[in-house]
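Worksheet: the structure to be examined is printed underneath.
Quick caveat, the model's predicted, so the values are computed rather than measured.
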Amino acid sequence: MSREYTQLEKNRLEKIERLREAGLEPYPHRVERTHTTQEALAAYTAAEVNGDAPENLKVTVVGRLRSMRPMGKITFAHVEDGSGRLQLFLRSNDLGQEKVDLFNRYFDLGDFIEASGELFRTRSGEITLRLEDFRIISKAITPLPAAKDEVVDGEVVRHAVLSDPELRYRQRYADLAVNLEVRQIFRIRAAILRALRDFLDGQGFLEVETPILQPIYGGAAARPFITHHNQLHQDLYLRISFELYLKRLLVGGYERVYEIGRDFRNEGVSFKHNPEFTQLEFYWAYADYQQVMDLTEEMLRYTARQALGRIQFEYQGQVIDLEKPWRRVQLSQAILEAVGIDIHAYPTADQLRAAMQAKGLAASPTATRGKLIDGMLGDYVEPNLIQPTFMYDYPRDISPLAKSKAGDPSTVERFEGFMGGMELCNAFTELNDPLDQEARFLEMGREYAADDEERHPMDEDYLRAMRYGMPPNGGFGMGVDRLTMLFTDRPNIREVILFPHLRERED
RNA sequence: GGGCGCGUAGCUCAACGGCAGAGCAGUGGCCUUUUAAGCCAUUGGUUCUGGGUUCGAAUCCCAGCGCGCUCACCA
């Protein structure tokens, strides 16, 4: 034990001793359960409706004690399991005063209990289990950080709720144990993942898994985490995207592939960035970015319907509607409207920078033309994109894996999807010309300083794959964490990640 | 990495230069249909850590640690 027990914990350790002295094992191996709490409630209600004698319904439930109200010779309590809550009623007439006292003296909030008896309704109408027997099945030593719950109009209202974000994230188990709505977030997250898989499977996509440990990272402009394989004496990178491996699979003959998994980017954290995050990417042979936009709309409508049961939802006070077709705006048009600069009129970085400075906009002296444009998008356009919007046709120099637009070599067929003021997804008509791709890698190498870790490394094996012939295809990537933020109305990515990264701390 | 804010009992918070407190939880007592049960009594503190100023510091100053917000960064 690295930490002294608190007085509250010492009290409970003492109770463990007393229980054992009384021959009651606080951590038994096996338990009985005939009903979940919700099944018990449903069974009672059904018996009432059928006119059966509901009071003869015997059940055994298990779960965690969430409230206790001892009143002398009787005690009320609530037990909570994965399905919900059920009130327990202990009466000395039924159990003997000794057992009621045992409960009151040696059972605490947070303990797990197995309880058997008959269901009835109290005077106030709550379906309740009148105990005929009960026992401890797991004793909690540390008290849960919640004081009390109150039921107001059927809603559980918590008092002195655990709210310190640091505690909630570091001790997510405690957060989940006391904050019901946090448990709901991760049910929705699971439903989102299931719906995305259902949808893509239904469209004939094959789910695959590609390496997380990679000798060369690529597919995005981000700094990687570096790790090391001892026996091979080889440094390896944690992947920053799946893109280059998934497109190799199109060369191999699969026409539709997707992967859902973890990406790792060694960069700053923010309300929408976590060092590891969950990404969906798919690649679709013989499709272009317009078709990918159509499929994206369909996929998100399906996902919302499956995960939320509806396709309108509220995000930070704004109702977002997935029903209507998404707005589709050319990036150059959006920037023209937002800041009054026609990027087509400024074909070089220096010209564009001068135009931005003339408008009083911040413009990095070292940024490429594409980065300047992307900067204006992020600062002046993105925060206002609340309703689902596709922004399309991006600068070539920030899109080294996307195919150029016919007749416009400075622009590529790329779109990003936005919602709730956040970038949600990114897609393009994929570049499948190996000679053009090689030239792009070389361009990237020139534009970034040699020591810039964002520099795209040359991936010779990827070029070799491409030379065998890659079908024309449309590719797509989406941050699943951000989609979960939107669907659960959470303003911070940490709220939708069970164990978000926090700085290490000694307890 | 920069700026701003926060860190007090298990939880939620007050005290803002002058005796460290409240509610809930805990402990003891009363209470046979309660439900934030109620009533009486009561325990519990390295005020994040380390320095400094002061007769006196939770409070003011400096440094550190952690968290939050924000800026930078993140095609």
Rounded distance (Å) that lies between atom [atom2] of [N] and atom [atom1] of [X]:
{"X": "M391(A)", "N": "rA75(B)", "atom1": "CE", "atom2": "P", "value": "17 Å"}
{"X": "D379(A)", "N": "rC73(B)", "atom1": "CG", "atom2": "C1'", "value": "12 Å"}
{"X": "R168(A)", "N": "rG66(B)", "atom1": "CZ", "atom2": "C1'", "value": "17 Å"}
{"X": "N104(A)", "N": "rC31(B)", "atom1": "CG", "atom2": "C1'", "value": "11 Å"}

To the nearest 0.5 Å, what is the distance between [atom1] on [X] and [atom2] on [Y]?
{"X": "I398(A)", "Y": "T368(A)", "atom1": "CD1", "atom2": "OG1", "value": "7.0 Å"}
{"X": "E259(A)", "Y": "Y283(A)", "atom1": "CD", "atom2": "OH", "value": "10.0 Å"}
{"X": "N274(A)", "Y": "I497(A)", "atom1": "CG", "atom2": "CD1", "value": "3.5 Å"}

[N] OP1/OP2 closer than 4.0 Å to side-chain N/O of [X]:
{"X": "R130(A)", "N": "rU33(B)", "result": "no"}
{"X": "K371(A)", "N": "rC74(B)", "result": "yes"}
{"X": "S399(A)", "N": "rA75(B)", "result": "no"}
{"X": "K272(A)", "N": "rC69(B)", "result": "no"}
{"X": "R414(A)", "N": "rA75(B)", "result": "no"}
{"X": "R69(A)", "N": "rA37(B)", "result": "yes"}

Applying the ring pair (Phe, Tyr, Trp, His ring centres under 6.0 Å) criterion to F415(A), which one of W326(A), F390(A), Y392(A) satisfies it?
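That would be F390(A); it is the only one of W326(A), F390(A), Y392(A) passing the ring pair (Phe, Tyr, Trp, His ring centres under 6.0 Å) with F415(A).
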
What is the pairing partner of [N], taking Watson-Crick or G-U wobble pairs with both distances under 3.5 Å in any strand?
{"N": "rA41(B)", "value": "rU27(B)"}
{"N": "rC69(B)", "value": "rG3(B)"}
{"N": "rA14(B)", "value": "none"}
{"N": "rA9(B)", "value": "none"}
{"N": "rA36(B)", "value": "none"}
{"N": "rA63(B)", "value": "rU49(B)"}
{"N": "rA58(B)", "value": "none"}

Minimum heavy-atom separation for K139(A) to Y106(A), with atom names?
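Closest pair (atom of K139(A), atom of Y106(A), distance): NZ-O, 2.8 Å.
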
What interatomic distance, in whole Å, is found between [atom1] of [M] and the corresponding atom of [N]?
{"N": "rG51(B)", "M": "rU42(B)", "atom1": "C1'", "result": "38 Å"}
{"N": "rU59(B)", "M": "rC6(B)", "atom1": "C1'", "result": "14 Å"}
{"N": "rG5(B)", "M": "rC61(B)", "atom1": "P", "result": "10 Å"}
{"N": "rG3(B)", "M": "rG56(B)", "atom1": "C1'", "result": "34 Å"}
{"N": "rU43(B)", "M": "rU53(B)", "atom1": "P", "result": "37 Å"}
{"N": "rG44(B)", "M": "rG10(B)", "atom1": "C1'", "result": "10 Å"}
{"N": "rA9(B)", "M": "rG52(B)", "atom1": "C1'", "result": "28 Å"}
{"N": "rG45(B)", "M": "rC62(B)", "atom1": "P", "result": "31 Å"}

What contact category does [X] fall into here, base, sugar-phosphate, or nothing, at under 4.0 angstrom with non-hydrogen atoms?
{"X": "R121(A)", "result": "nothing"}
{"X": "Y394(A)", "result": "nothing"}
{"X": "P395(A)", "result": "nothing"}
{"X": "D164(A)", "result": "sugar-phosphate"}
{"X": "S67(A)", "result": "nothing"}

Counting only side-chain heavy atoms from C-beta out, which of [options] sits nearest to [X]?
{"X": "R91(A)", "options": "rU33(B), rC73(B), rG68(B)", "result": "rU33(B)"}
{"X": "K15(A)", "options": "rC67(B), rU33(B), rG26(B)", "result": "rG26(B)"}
{"X": "L502(A)", "options": "rC67(B), rA75(B), rU32(B)", "result": "rC67(B)"}
{"X": "F271(A)", "options": "rU34(B), rU70(B), rA75(B)", "result": "rU70(B)"}
{"X": "N492(A)", "options": "rU34(B), rU33(B), rC69(B)", "result": "rC69(B)"}
{"X": "P165(A)", "options": "rC74(B), rC67(B), rU34(B)", "result": "rC67(B)"}
{"X": "E166(A)", "options": "rA25(B), rC67(B), rC13(B)", "result": "rC67(B)"}
{"X": "R494(A)", "options": "rG68(B), rU12(B), rA75(B)", "result": "rG68(B)"}

For D175(A) and Q171(A), which I'm curious about, is there any donor-acceptor pair between the side chains at under 3.5 Å?
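No, no side-chain donor-acceptor contact under 3.5 Å.
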
Is the count of non-hydrogen atoms from other residues, nucleotides or ligands lying under 6.0 Å from E21(A) atom CD greater than 12?
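Correct, the count exceeds 12.
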
Side chain to side chain donor-acceptor pair (under 3.5 Å) between S83(A) and D81(A): does it pass, once the steps are laid out?
CA-CA 5 Å; S83(A) 71; D81(A) 64 9; 2.8 Å; yes

